[in-house]
Amino acid sequence: MNLKSLEKRLTYLTANAIRDYRMVEGGDHIMVCLSGGKDSYAMLEMFRLLQQRAPVRFDITAVNLDQKQPGWPEHILPDYLDSLGVNYRILEQDTYSVVKSVLPEGKTMCSLCSRLRRGALYTAAEEMGMNKIALGHHRDDLVETLFLNLFYGGRLATMPPKLRSNDGKHVVIRPLAYVPEQYLEQYAGHKAFPIIPCNLCGSQPNLKRAEIKRMVQAWEQEDPNRLNVILRSMQNVRPSHLADTDLHDFAGLQGSVAPGMPDPVTGEEDAFAGLQADRA
């Protein structure tokens, strides 16, 4: 796909997600979290394009958190953002040393690193008066997180396209929620983004997320539309057809079959009818 067609597709998918979840409104000041990876670079470009076309006016500020990882090239992001003429701020917080000192060798760093990073970004957003925080998670991230929680967390949950922080002060948005990762890889190649690898996540072998990613990629090779179907399923949830008693009143359901009588569908008797009669 050439750059023009790809950019058109990306803006279409991003605009649809923003519209469906009402992510952006007039007067918003959005923190565009820039990590140095392909996804956040693409997200910044989408916001820049949509600022020119959107029916409402909003402001963006690119924000990067310098976590003081060894060898981090401090000049790359400022040079790139200066070349674009984008408002930006570089935060400095040594979360790298905290993570390395707290977690034992071989322990997965992602969870603690994410919490520390999120806290720093929330604090900065409040100080700078930004009411939305945009993260660069894409469609594949949402699907992978769904199965990560399902297989290893014992829950049906993923990264929502839009959420309010636990303290109620911040709204987090994921404008790339509909965008396949392969589009972002192609776009990064076309745009020659100055990618900066993460030395925390990328340096750890045997991560569960990596296992899930390989599984999902194999599915997509078998059926290129499968991940879109999974995404649609997350938008079409039926609590009455799952098993969560907090979301649906299963106990309050009453059938029309008298106790002890065969069910007209299954032909089976009420298994609890005799027990209830004995107790009476």
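All residue numbers refer to positions in the sequence shown, counting from 1.
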NZ (K191) and CG (L6) are apart, to the nearest 0.5 Å, by 10.5 Å
Requested in this report: Measure the shortest side-chain to side-chain distance between L34 and L77 over non-hydrogen atoms and say whether it is less than 4.5 angstrom.
Outcome: yes
Practice item. Establish, from distance only, whether the side-chain atoms of N236 and S233 form a donor-acceptor pair under 3.5 Å. Key: no
* side chain to side chain donor-acceptor pair (under 3.5 Å) between R89 and N64, worked out -> CA-CA 7 Å; R89 178 176 172 183; N64 170 257; over 6 Å; no
(message) Whether the side chain of H190 engages the backbone of M1 through a donor-acceptor N/O pair (distance < 3.5 Å, no angle test) should be reported.
(response) yes
With no hydrogens and no angle check, do the side chains of Y152 and E211 hold a donor and an acceptor under 3.5 Å apart? yes
message = When you compare the side chain of Q221 with that of W219, does any pair of heavy atoms fall below 4.5 Å?
response = no
Between the main-chain N or O of E25 and the side-chain N or O of D28, is there a donor-acceptor pair closer than 3.5 Å? yes
Next on the checklist: Please check this pair: side chain of S40 against backbone of S35, looking for a donor-acceptor N/O pair closer than 3.5 Å.
Outcome noted: yes
Ignoring hydrogens and angles, tell me if any N or O in the side chain of R164 forms a donor-acceptor pair with the backbone of H170 under 3.5 Å.
no
Requested in this report: Examine Y41 together with Y187 and report whether their ring centres are nearer than 6.0 Å.
Outcome: no
| message | Apply ring-ring contact (aromatic ring centres under 6.0 Å, His included) to residues Y178 and Y12 and explain how you reach the verdict. | response | CA-CA 10 Å; Y178 292 173; Y12 172 79; 9.3 Å; no
Open item on the list: Less than 4.5 Å apart, side chain to side chain, heavy atoms only: is that true for D59 and I30?
Closed with: no
(message) Do the side chains of E181 and R139 get close enough for a salt bridge, i.e. N-O under 4.0 angstrom?
(response) no
Item to check | pair M159-D141: side-chain heavy atoms closer than 4.5 Å | outcome: yes
Indicate yes or no: at least one non-hydrogen side-chain atom of L13 is less than 4.5 angstrom from one of P180.
yes
query = Can you tell me if S5 uses its side chain to pair, donor with acceptor, with the backbone of N2 under 3.5 Å?
reply = no
Other residues, nucleotides and ligands only: do more than 12 of their heavy atoms fall within 6.0 Å of CZ on R19?
yes
Might you work through the side-chain contact (heavy atoms from CB on, under 4.5 Å) test for K132 and H29, ending with a clear yes or no?
CA-CA 6 Å; K132 300 278 178 67; H29 186 182; over 6 Å; no
- Say whether, by atom type as modelled, one donor and one acceptor occur between the side chain of H138 and the main chain of D140 under 3.5 angstrom. yes
ask   = Would you say the side-chain atoms of T158 and T145 include a donor-acceptor pair closer than 3.5 Å?
value = no
Problem set entry | Whether over 12 other heavy atoms sit under 6.0 Å from D249 CG | yes
Within-4.5 Å side-chain heavy-atom neighbours: I173 and Y21:
no
Quick one, I230 with V216, criterion side-chain contact (heavy atoms from CB on, under 4.5 Å). Give me CA distance, side-chain angles, the key distance, then yes/no.
CA-CA 11 Å; I230 295 173; V216 168; over 6 Å; no
_Does any part of the side chain of Q182, heavy atoms only, come nearer than 4.5 Å to the side chain of E220, both counted from C-beta?_
yes
